[in-house]
Amino acid sequence: MTQHLVDRSCCFSFDDLFEAVHGRVMSEAQRRELYALPQDQRNRWVRDMVAKTGGGFSCEDRRGTDGVIYTAFWRVEA
């Protein structure tokens, strides 16, 4: 994995991913629901959203410095 890839994955928010799929910003209620999910379910949400972008985003699981697995995501550049 290159440092460039790591940097790109930090440039996008859940809002960016949601908007890429739904064409609108996430409501405050949707945002609260997402952040209330346990990490494994939030990771599943990310993978589902990435799949719905049809190749516009990519993702991979990474272990954080806290030992928790996070699903990182980034926009795929053509």
I'd like to know if R62 pairs up with E60 as an ion pair, taking the criterion as any Lys NZ or Arg NE/NH1/NH2 lying under 4.0 Å from an Asp or Glu carboxylate oxygen. yes

Please list all pairs passing the ring pair (Phe, Tyr, Trp, His ring centres under 6.0 Å) test where one or both residues lie in residues 42-62, with sequence neighbours left out. F12-F57, F14-W45

Qualifying residues under side chain to side chain contact (heavy atoms under 4.5 Å, CB included), relative to S27, sequence neighbours excluded: A29, Q30

Any residue meeting salt bridge (Lys or Arg N to Asp or Glu O under 4.0 Å) with D40, in chain and number order, not counting sequence neighbours: none

For L37 and R42, work out which heavy atoms get closest and say how close. O-NH2, 3.0 Å

Excluding sequence neighbours, so at least two apart, what forms side chain to side chain contact (heavy atoms under 4.5 Å, CB included) with S58? W74, V76

NE2-CE distance between H22 and M49, expressed to the nearest 0.5 angstrom: 4.0 Å

Please identify each residue that fulfils side chain to side chain donor-acceptor pair (under 3.5 Å) with R47, with sequence neighbours left out. D61, T71

So, using side chain to side chain donor-acceptor pair (under 3.5 Å) as the criterion, who are the partners of R32 when residues are at least two apart? none

For Y70, which residues count as a side chain to side chain contact (heavy atoms under 4.5 Å, CB included) partner, sequence neighbours excluded? Q39, D66, V68

Would you give the length of the straight line joining atom CZ of F73 to atom OG of S13, rounded to the nearest 0.5 angstrom? 6.5 Å

State which residues pass side chain to side chain contact (heavy atoms under 4.5 Å, CB included) with D48; sequence neighbours excluded, sorted by chain then number. R44

Quick one: salt bridge (charged side-chain N to carboxylate O under 4.0 Å, His left out) pairs with a partner in residues 15-28, sequence neighbours left out? D15-R31, E28-R31

Hydrophobic cluster (4.5 angstrom, side-chain heavy atoms) - remaining members for I69: none

Remaining members of hydrophobic cluster (4.5 Å side-chain criterion), V25: none

